[in-house]
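In what follows, every heavy atom counts, from backbone to side chain, and hydrogens, waters and symmetry copies are set aside. Here the structure is a predicted model, which means the values were calculated and not measured. Atoms within each ligand, like the ligands themselves, are counted from 1 in listed order.
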Amino acid sequence: MTIIDTTQAETSMQQENRYTSGVYGKRPVTIVRGEGATLWDAEGRAYIDCAAGHGVANIGHGRPEIAAALSAQAQRLVTCPEIFYNDTRARLLERLSQVTPAGIEHFFLCNSGTEAVEGAFKFARLVTGRTQIIATLRGFHGRSMGALSATWEPHYREPFAPLLPDVTHIRYNNLEAAETAISEQTAAVIIELVQGEGGVHSATPEYVAGLARLCHERGVLLIVDEVQTGFGRTGRLFACEHYDLQPDILCMAKSLAGGVPMGAIGLGPRVMESGRVGRGAHGSTFGGNPLACAAALATLDILERESLPTSAARLGAYALGRLRGMRSPLVREVRGLGLLIGIELKRRAQPYLEQLCERGILALPAGPNVIRLLPPLVISEHQLEQVLDTLEEVLE
Ligand SMILES: Cc1[nH+]cc(COP(=O)(O)O)c(CN[C@@H](CCC(=O)O)C(=O)O)c1O
């Protein structure tokens with residue numbers, strides 16, 4: 001079904017190129033419609049989506065429940081800053097306290113992952129009176145100046161120096177490195193339990209348990225960045241559940257509101273009982289807006305009603321098994337948890353991503369040599385088989 005014809009599609013690309021900032025490496029595809037784990041381009045070509053908008057579309061595209069929630073809320077009230085109470089926001093805050101890891105019962109609502117990280121750093125400095133932030137090699141936490149300071153990749157970071165002072169990067173999964181780095185000046189350690197953009201590397205249970213213990217002993221807050229791993233991606237609602245971990249601060253965004261931009265900072269007792277988070281400490285015009293809150297409530301309903309974290313666990317285990325059984329000379333290692341999967345190649349991943357796109361599969365990189373698969377958790381078994389078959393062909 002052609003949605004717009006080729007000429008219109010080319011015009012649309014030319015139009016976007018004429019006015020865009022130029023910071024994105026755009027693929028020559030104009031995506032115009034989505035449903036479930038399928039996307040269509042302007043010429044009506046269908047793709048199986050293994051990018052999910054950078055891990056945003058966990059519940060899939062074109063969900064009528066999200067459209068209905070947005071429409072109903074938009075007809076009542078779109079925006080309402082948190083200087084006023086709002087009924088939809090109140091319901092979401094309560095719902096988040098019920099589904100997040102134990103102890104996380106208070107939230108600052110914002111509008112993106114990087115904002116969640118920025119706020120987390122502010123709360124950590126406020127609560128501890130300390131300044132140092134410790135992050136990990138290969139970690140990705142956002143591109144705004146504070147979050148960027150904790151993002152490891154030098155070519156993201158270095159053009160914008162000087163960034164936040166007092167940010168140290170340590171080896172991931174290395175407890176001795178954390179023991180050495182943590183000092184009297186350390187406010188917080190921030191980690192992803194599965195490093196996403198940094199190449200799909202999972203934390204070991206021993207590392208996480210040791211790091212949590214170390215942070216508690218040394219008066220340091222543990223910030224867990226679940227912007228990418230949250231809301232079912234790794235096979236549990238939160239990756240913290242795999243580790244029985246109660247973070248001091250939990251950063252959330254991406255799939256929280258079913259594709260509508262939203263972030264949230266979950267605050268644990270060591271933050272809230274400090275008595276140091278007072279009026280005026282932080283703020284956001286759009287944070288906690290009723291429209292995003294309505295979409296988030298509908299999203300949490302869908303995740304629960306369709307048991308999507310369990311689907312991610314089952315489908316992800318199957319996919320990892322098949323990928324690890326692949327005898328491709330190009331593959332160095334297959335890693336992942338749930339439907340957050342990384343295929344490390346012995347070569348650059350870009351040419352293979354382009355071949356996948358030509359064959360109707362949209363996937364992402366995670367560093368120069370890793371193909372990252374982040375499909376919607378609603379992907380069907382048949383679609384997943386097609387993805388795996390295509391990967392076998394492309395990587396043979
Ligand atoms: C773990 C994590 N933390 C924070 C962020 C920042 O979120 P936001 O401000 O909403 O973009 C992201 C974006 N992850 C995507 C990076 C996109 C980019 O290159 O920028 C990704 O993993 O592709 C993360 O993956």
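Ranking the protein heavy atoms by distance from atom 2 (C) of ligand 1 puts Phe140 O, 3.4 Å first. Looking only at protein heavy atoms, the nearest one to atom 3 (N) of ligand 1 is Asp225 OD2, 2.7 Å. Looking only at heavy atoms of the protein, atom 9 (O) of ligand 1 is closest to Thr114 N, 2.9 Å. Closest protein heavy atom to atom 23 (O) of ligand 1: His54 ND1, 2.7 Å. Atom 25 (O) of ligand 1 has as its closest protein heavy atom Gln228 NE2, 2.9 Å. Nearest non-hydrogen protein atom to atom 7 (O) of ligand 1 is Gly113 CA, 3.4 Å. The protein heavy atom nearest to atom 11 (O) of ligand 1 is Lys254 NZ, 4.9 Å. Distance from atom 18 (C) of ligand 1 to its nearest protein heavy atom, with residue and atom name: Arg143 NE, 3.3 Å.
Using a 4.0 Å heavy-atom cutoff, Glu115 is absent from the residues neighbouring ligand 1. Heavy-atom separations between Glu226 and ligand 1 are all 4.0 Å or longer.
Close approach of ligand 1 to Arg372 (heavy-atom distance below 4.0 Å) involves ligand atoms 21 (C), 22 (O), 23 (O). Near Gly142, meaning under 4.0 Å from any of its heavy atoms, are these atoms of ligand 1: 4 (C), 6 (C). Each of the atoms 1 (C) of ligand 1 lies under 4.0 Å from some heavy atom of Glu192. Close contacts of ligand 1 with Val227, meaning ligand atoms under 4.0 Å from a residue heavy atom, involve 2 (C), 3 (N), 4 (C), 5 (C), 7 (O), 12 (C), 24 (C).
Within the 4.5 Å cutoff, side-chain heavy atoms of Tyr47 are placed close to those of Arg45.
When only modelled atom types and interatomic distance are considered, His242 and Thr234 share a side-chain donor-acceptor pair under 3.5 Å.
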Thr136 and Gln195: CA distance, side-chain angles, deciding distance, side-chain hydrogen bond (donor to acceptor under 3.5 Å, both in side chains) verdict: CA-CA 9 Å; Thr136 57; Gln195 294 182 319; 3.1 Å; yes

Chi angles and distances behind the ring pair (Phe, Tyr, Trp, His ring centres under 6.0 Å) call for His282, Phe108: CA-CA 9 Å; His282 197 32; Phe108 180 88; 4.5 Å; yes

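Between Glu105 atom CD and Phe107 atom CZ the span is 8.0 Å, to the nearest 0.5 Å.
Nearest heavy-atom pair across Gln185 and Arg130 is O-CB, 3.3 Å. A pairwise comparison of heavy atoms in Val189 and Cys215 identifies CG2-SG, 3.9 Å as the closest pair.
Figure legend: cation-pi geometry between Arg347 and Tyr352 absent, as NZ or CZ is not positioned both under 6.0 Å from the six-membered ring centre and within 45° of its axis.
Cluster membership for Val224 and Phe231, using ILVMFWY side-chain heavy atoms within less than 4.5 angstrom, is shared.
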